[in-house]
Amino acid sequence: MTELPGPSEPLDVSFNEDVLTALTTAFARYGDAFRVFSPTTNSNICVFSHPEHVRHVFVDKNANYTKGIGIERVRILLGNGIMASEGDFWRRQRRMIQPAFHRDVISGMLADIGNANLDLCNEWMEKAGGGREIDLTQHLSDVTLKIVLKSIFGTDMKAIESVAGGNPFMLLTQDTERNLQFAYKFRALSGLVMECVKRRRNAKPENDLLGMLMAGRDRRTNEPMTDRQLIDEVLTLIVAGHETTASALNWLWYLLARHPEIEHRMHAEIDAWDENFSDMNSILQLTYTRQIIEETLRLYPPGWLLTRRSINADVVGSHSIAANTDVFISPYIVHRHPAFWESPDKFDPDRFETSAKSKRNRFCYLPFALGPRACIGEHFAMVEMIVHAALIARKFRLRYLGDKPVAMECQVNLRPKQSIMMQLEKRN
Ligand code: HEM
């Protein structure tokens with residue numbers, strides 16, 4: 001067994017750019033396994049970056065790890081929803097929610113996803129030309145929120161808006177801080193979710209995500225979710241489904257604007273597409289567009305830092321860790337690991353071509369995490385992003401006129417530090 005090396009400077013652990021810089025610097029110096037001292041917890045955090053460590057923590061020994069640093073804050077926002085719950089309770093909830101993300105259910109949501117993007121295209125048609133720039137970040141936040149809300153509440157969104165006098169969830173796009181104040185304001189929307197649930201109890205079941213959650217039954221007891229649980233899960237899906245996807249799409253358009261040759265290849269694929277966005281098979285034909293999205297998630301994984309805590313003592317690689325040790329695995333670092341990715345900083349969607357993928361260690365790519373606690377919305381998110389990219393790129397090129405690279409903000413999500421402004425150019 002080897003002792004972990006690490007920097008002598010302590011690390012003030014919170015989710016921010018300084019932490020990413022400190023971790024990438026220490027990775028360059030100490031490699032796949034190192035420790036940093038955290039004054040906040042008065043203990044060492046182990047930072048692992050080898051794909052075999054990824055496999056160990058998320059897959060092989062996942063039962064020995066709970067969520068780690070930062071999860072208390074997530075609980076204030078999302079209660080005991082599946083993002084934050086643990087053990088048997090989490091397993092029960094995951095089983096009850098999983099059917100809502102079945103491919104057939106997502107297929108039924110494609111028309112809504114496509115139509116939300118067509119509305120955005122229509123809005124942009126009026127804004128394109130004349131050299132004006134649009135706030136891409138704001139538009140993407142709005143459209144991804146609209147999609148996730150429609151997927152959850154279906155036609156009830158209208159009723160919620162009429163009770164609240166407007167879309168009460170807009171606070172997610174208007175308020176970009178993710179502090180305690182935001183958490184309290186967001187939790188205050190629980191009442192509206194509950195009213196919607198109550199209205200539905202006396203009506204016929206709906207096929208949207210809320211309908212699926214309400215129909216879910218515990219395998220052993222046959223009990224449905226309690227009201228509190230429904231609220232926590234709905235709020236979880238809204239937050240988890242909105243910001244991650246919005247962040248990824250920001251980076252997608254930014255990278256495309258900076259790589260016209262890749263944009264050009266994507267246009268060729270999309271221009272030849274039958275544009276049947278309500279049909280899953282038609283969407284899955286867009287293989288190069290999908291590769292571009294996968295490569296975007298490699299370079300800018302919205303979940304850039306995954307935190308865990310060991311339950312019992314364990315051995316990770318050749319390193320022993322005590323019980324209750326905080327562990328960090330950063331997809332951002334693993335995705336740019338020079339031993340597993342050639343020219344790791346280069347934007348190269350061909351890496352995700354089937355044959356290239358099959359030659360790679362599959363544990364060096366984890367934008368949706370891996371193992372039993374991987375993202376439940378992965379397929380939903382991929383399909384949503386492909387439809388968005390295809391419908392927008394059919395009509396527009398987005399041109400980035402800034403003279404500086406877009407800086408990253410590393411909160412819970414890796415997102416652009418400032419809104420990305422883009423010039424819209426209509427395509428013929
Ligand atoms: C680009 C889009 C997305 C990315 C990159 C992403 C990434 C992730 C990651 C990395 C995790 C694991 C977090 C951890 O272990 O600490 C996660 C969990 C989760 N995600 Fe996503 N996500 C995306 C979209 C979505 C969508 C669209 C939904 C739902 C509508 C969703 C719902 C969830 C939920 C509920 C969990 C918790 C699962 C569990 O612990 O059982 N995500 N996501």
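Remember, it's 1-based here, ligands and their atoms both numbered in the order they're listed. Atoms considered below: every heavy atom in the structure, side chains included; atoms not considered: hydrogens, waters and symmetry mates.
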TODO: For atom 37 (C) of ligand 1, find the nearest protein heavy atom and state the residue, atom name and distance (0.1 Å precision).
DONE: M83 SD, 3.6 Å
Task: Nearest protein heavy atom with distance in Å, relative to atom 13 (C) of ligand 1 - done: L306 CD2, 4.0 Å
Open item on the list: Would you compute the distance between atom CD of E243 and atom OG of S141 and round it to the nearest 0.5 angstrom?
Closed with: 7.5 Å
Open item on the list: What I want to know is whether W90 and ligand 1 share at least one N or O pair that is separated by under 3.5 angstrom.
Closed with: yes
Task: Distance filter under 4.0 Å to K67 heavy atoms, resulting ligand 1 atoms - done: 14 (C), 15 (O), 16 (O)
TODO: Give a yes/no on ligand 1: does G303 have at least one heavy atom closer than 4.0 angstrom to it?
DONE: no
Task: Nitrogen or oxygen of C375 less than 3.5 angstrom from that of ligand 1 - done: no
- [ ] Please confirm whether E384 comes within less than 3.5 Å of ligand 1 when only nitrogen or oxygen atoms on both sides are compared.
- [x] no
Open item on the list: Is it true that Y300 and N250 share a donor-acceptor pair across their side chains at a distance under 3.5 Å?
Closed with: no
- [ ] Identify, for atom 33 (C) of ligand 1, the protein heavy atom at the shortest distance, and state residue, atom and that distance.
- [x] A240 CB, 3.6 Å
Task: Interfacing atoms of ligand 1 (cut-off 4.0 Å, heavy-atom, A369) - done: 10 (C), 12 (C)
Open item on the list: Can you see whether T41 engages S38 through a side-chain donor-acceptor pair at a distance of less than 3.5 angstrom?
Closed with: yes
Task: Numbered atoms and elements of ligand 1 in range of R308, under 4.0 angstrom, heavy atoms - done: 14 (C), 15 (O), 16 (O)
TODO: Would you confirm whether the ring centroid of F363 sits within less than 6.0 angstrom of the ring centroid of F58?
DONE: no
- [ ] Just jot down the ligand 1 atoms closer than 4.0 angstrom to any heavy atom of R94, in number order.
- [x] 38 (C), 39 (C), 41 (O)
Task: Carboxylate-amine/guanidinium proximity below 4.0 Å for E294 and R351 - done: no
Task: Top protein contact for atom 10 (C) of ligand 1, by heavy-atom distance - done: P367 O, 3.4 Å
- [ ] Assess the side chains of H335 and W304: does a donor N or O sit below 3.5 Å from an acceptor N or O?
- [x] no
- [ ] Could you list the atoms of ligand 1 found under 4.0 angstrom from a heavy atom of F380?
- [x] 27 (C)
- [ ] Would you please say whether a donor-acceptor pair under 3.5 Å links the side chains of N64 and S310?
- [x] no
Task: Residues R217, E223: salt bridge by 4.0 Å N-O rule - done: no
